[in-house]
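Okay, structure first, notes after.
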Amino acid sequence: MTDKKVRVRFAPSPTGPLHIGGVRTALYNYLFARKQGGDFLLRIEDTDQKRFVHGAEEYIMESLRWCGIQWDEGPGKDGPYAPYRQSERKELYRQYAVQLIDSGHAYYAFDTAEELEEMRKRIEAEKGNAQYDATTRGSMKNSLTLNNVETVAMLESGAPYVVRFKMPANEDVVMQDQIRGTVKVNTSLLDDKVLFKSDGMPTYHLANVVDDYLMEISHVIRGEEWLPSLPLHVLLYKSLGWESSMPEFAHLPLLLKPDGNGKLSKRDGDRLGFPVFPLMWNDPNSGEISSGYRESGYFADAFVNMLAFLGWNPGTDKEIFSMDELIEAFSLERVGKSGSKFDPAKARWFNHQYLLKREDKEVAALFNLILKDRGIHEPMEKVTKIVSLVKDRVSFVHEMWDQAVFFFIAPREYDDKLVKKKWKDDTPDILWQVTDVLKNLEPFTVQSIDKALHDYMEEREVGAGKLMIALRLSLVGAGMGPDLKEIMVLLGKEEVIARIEKAIDVIGNK
């Protein structure tokens, strides 16, 4: 396959929102294709019509677009292998199911649900492996136990049927995985999987193999949960005569829950307070709304960077990568075999790093939307300056409000603990004296304020802690915030004096 053009695909099912594990699979496929100068395809595997969820396909595509994962071929961007929805390709699959039957690699099965359940109960009672396989197929109603006349009669009568793969008995299937190395499975452990249903729809197993072959997919990069299906898929390639065109396989490690063991699920996110979907999802069936990374305030590039590191590492200490840098650095050789624990704190850390990297003007434009929602209208120059003072204290733009609220709204109450600890009997007199100093201060700049306060403390022998904490309480209402002189300049002289006078009045009368 090495001399063929690299072509990979991301093939989600529209049965609900896209889990971040799915986004990571898409990302790794995209990075691999771009690194190799190949093509990245999006294919919607909607063969399971019973589990189809309205809006899920659009959600999947919007999620990929938000992440900057652009597909070269797929819905909305047709190429030479269109269509890219399996429901629109269903006429293709029947001929391959028939080909497998004709070559003796598959068969019709007419068993009813009751007959299948009876078989399972019987095998379980005998302490056997209750599955439809080489040991049980001979006692079931299928084209292997019926003669040709009986089989044709069943088909012509319209009896429900499925086409099952005829799993070889006691044969070792040896496979190569680019992440896990050599994988060997004996067919005695495998069942006769359903490939095609009487409703004219293939199952995932047949459809994905046929489509990968017809679309000339060179590498199948997918989640670890598909590793048990690999022997069947390899046998299908061989049975269809496509072994020389079989793609290379790579099965990605699972994303694990932050605490304990097991696959990361929506319940973990609900329990620990973080999203497991890229975008907010409104379930059309239940009405339940699930949070998304975009709506939670994550930058798309921070989200992508974080996801890339869940299972892959560049082999260096560098952690912040642009998409282009990820493409350049990515390789399947550096994808781990073991599952990767999701760390919500690390996800926040990535967003914090990307927030710091952004220009103050860009962040200010985002923060200004929050201010406008609160009915606050300030010059962008002031908002930009405030952002520059507080952005290193937050991970998300929306967190800036709590760090900067005092720039827009004067304190209505004051930190009781700090008042009891630091507000002394002589504090009001000190603050009155400082207001006199500030009233006559021109210009009102960081440098002039710094010198004026320094001169006052030296002349009156007032400690910096005593004055500055009282001033911060007066202006902010708490012992938080950036440099006090910067706060004072942005508030302006009149507002500073008004807040000091109010604090003296309110705290002094408690």
Side-chain angles (χ1 to χ4, degrees), residues 10 18-37 40 63-70 179 221 252-253 255-256 258 264 269 272-279 291-336 338-367 384 387-400 403 482:
F10 176 57
L18 186 61
H19 187 278
I20 61 171
V23 183
R24 187 196 60 173
T25 297
L27 174 63
Y28 283 9
N29 273 279
Y30 177 80
L31 297 176
F32 182 78
R34 291 291 177 265
K35 174 74 175 287
Q36 305 295 328
F40 171 71
S63 296
L64 296 182
R65 290 191 196 100
W66 178 64
C67 293
I69 300 173
Q70 301 293 331
I179 295 171
I221 304 167
L252 307 174
L255 292 191
L256 305 177
L264 179 68
L272 298 172
F274 61 85
V276 296
F277 303 132
L279 315 179
S291 63
Y293 278 83
R294 182 178 66 182
E295 292 76 14
S296 296
Y298 281 83
F299 296 116
D301 45 6
F303 174 71
V304 164
N305 196 159
M306 176 271 292
L307 265 191
F309 273 73
L310 288 174
W312 169 85
N313 76 82
T316 67
D317 292 335
K318 180 179 164 97
E319 290 187 276
I320 304 301
F321 284 76
S322 67
M323 184 70 91
D324 286 342
E325 289 171 330
L326 284 173
I327 290 168
E328 182 62 31
F330 185 79
S331 71
L332 288 173
E333 288 75 23
R334 298 210 66 85
V335 175
S338 57
S340 184
K341 278 189 181 293
F342 180 78
D343 183 351
K346 190 69 174 181
R348 291 177 60 90
W349 178 86
F350 270 107
N351 210 66
H352 176 67
Q353 300 306 311
Y354 275 80
L355 180 62
L356 294 179
K357 282 178 61 179
R358 273 169 164 69
E359 293 288 335
D360 291 342
K361 284 184 179 179
E362 181 185 349
V363 179
L366 297 172
F367 184 46
T384 303
V387 162
S388 73
L389 294 176
V390 302
K391 76 174 186 178
D392 64 337
R393 298 163 181 263
V394 300
S395 297
F396 304 97
V397 174
H398 63 78
E399 292 178 339
M400 287 184 175
Q403 294 293 327

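Side chains are part of it too, since the values below use all heavy atoms of this structure and drop only hydrogens, waters and symmetry mates.
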Under a 4.5 Å cut-off applied to non-hydrogen side-chain atoms, are I320 and F350 in contact? yes
Smallest separation among heavy atoms of S388 and D360, with atom names: CB-OD2, 3.1 Å
To the nearest 0.5 Å, tell me how far L279 CG sits from S291 OG. 11.0 Å
Closest heavy-atom pair and its distance - A302, N351: CB-OD1, 3.5 Å
Which class fits the ring pair Y293 and F303: parallel under 30°, tilted 30 to 60°, perpendicular over 60°? tilted
How close do G68 and Y30 get, heavy atom to heavy atom, and via which atoms? O-OH, 3.7 Å
Taken in chain and number order and not counting sequence neighbours, the residues that satisfy salt bridge (charged side-chain N to carboxylate O under 4.0 Å, His left out) with R358 are D301, E362
Scanning both residues in full, the closest heavy-atom pair of I20 with L307 reads O-CD2, 3.8 Å
Side chain of H398, backbone of F367: donor and acceptor closer than 3.5 Å? no
Is the backbone N or O of N313 less than 3.5 Å from a side-chain atom of R334, with the two atoms forming a donor-acceptor pair by type? yes
Atom NZ of K357 with >12 non-hydrogen neighbours under 6.0 angstrom: yes
Of the non-hydrogen atoms in C67 and V304, which two are nearest, and what is the gap between them? O-CG2, 3.4 Å
Apply the test side chain to side chain contact (heavy atoms under 4.5 Å, CB included) to residues F10 and L64: give CA-CA distance (whole Å), side-chain angles for both, the deciding distance (0.1 Å), then the verdict. CA-CA 10 Å; F10 176 57; L64 296 182; 4.1 Å; yes
Determine whether L264 and K341 make a side-chain contact, defined as any pair of heavy atoms from C-beta on separated by less than 4.5 Å. no
Assert yes or no for the condition that the ring centre distance of F299 to Y354 is strictly below 6.0 Å. no
Walk me through it: do F396 and Y298 pass the test ring pair (Phe, Tyr, Trp, His ring centres under 6.0 Å)? CA-CA 7 Å; F396 304 97; Y298 281 83; 4.8 Å; yes
CZ of R24 to CG of L310: how many Å apart, nearest 0.5 Å? 7.0 Å
Sorted by chain and number, sequence neighbours left out, side chain to side chain contact (heavy atoms under 4.5 Å, CB included) with D343 holds for A345, K346
For the residue pair F330 and Y28, categorise the inter-ring angle as parallel (less than 30°), tilted (30 to 60°) or perpendicular (more than 60°). tilted
Do NZ/NE/NH1/NH2 and the carboxylate oxygens of E325 and K318 come within less than 4.0 Å? yes
CD1 (I327) and NZ (K35) are apart, to the nearest 0.5 Å, by 10.0 Å
Quick one, L18 and F277 - any side-chain contact, counting heavy atoms below 4.5 Å? no
What closest approach, in Å, do I179 and L332 show between heavy atoms, and which atom pair accounts for it? CG1-O, 4.2 Å
Are the side chain of N305 and the backbone of E319 linked by a donor-acceptor contact shorter than 3.5 Å? yes
Does P275 reach the side chain of R294, with side-chain heavy atoms less than 4.5 Å apart? no
Using a strict cut-off of less than 4.0 Å between a Lys/Arg side-chain nitrogen and an Asp/Glu carboxylate oxygen, indicate whether R348 and E399 qualify as a salt bridge. yes
Evaluate the side-chain proximity of L355 to S395: yes if any heavy-atom separation is below 4.5 Å, no if none is. no
Checking M323 against L27 for the side chain to side chain contact (heavy atoms under 4.5 Å, CB included) test, could you report, in this order, the C-alpha distance in whole Å, the side-chain angles of both residues, the deciding distance, and whether it holds? CA-CA 10 Å; M323 184 70 91; L27 174 63; 4.1 Å; yes
Ring pair (Phe, Tyr, Trp, His ring centres under 6.0 Å) involving F274 - partner list, sequence neighbours excluded: F342
Less than 4.5 Å apart, any side-chain heavy atom of P258 and any of L272? yes
Between atom CG of L252 and atom OG of S340, what is the distance when rounded to the nearest 0.5 Å? 11.5 Å
Parallel, tilted or perpendicular: ring planes of F321 versus W312, cut at 30 and 60 degrees: perpendicular
Side-chain (N29) to main-chain (I221) donor-acceptor, under 3.5 angstrom: yes
Flag the pair V394 / H352 as yes when at least one side-chain heavy-atom distance between them is below 4.5 Å, and no otherwise. no
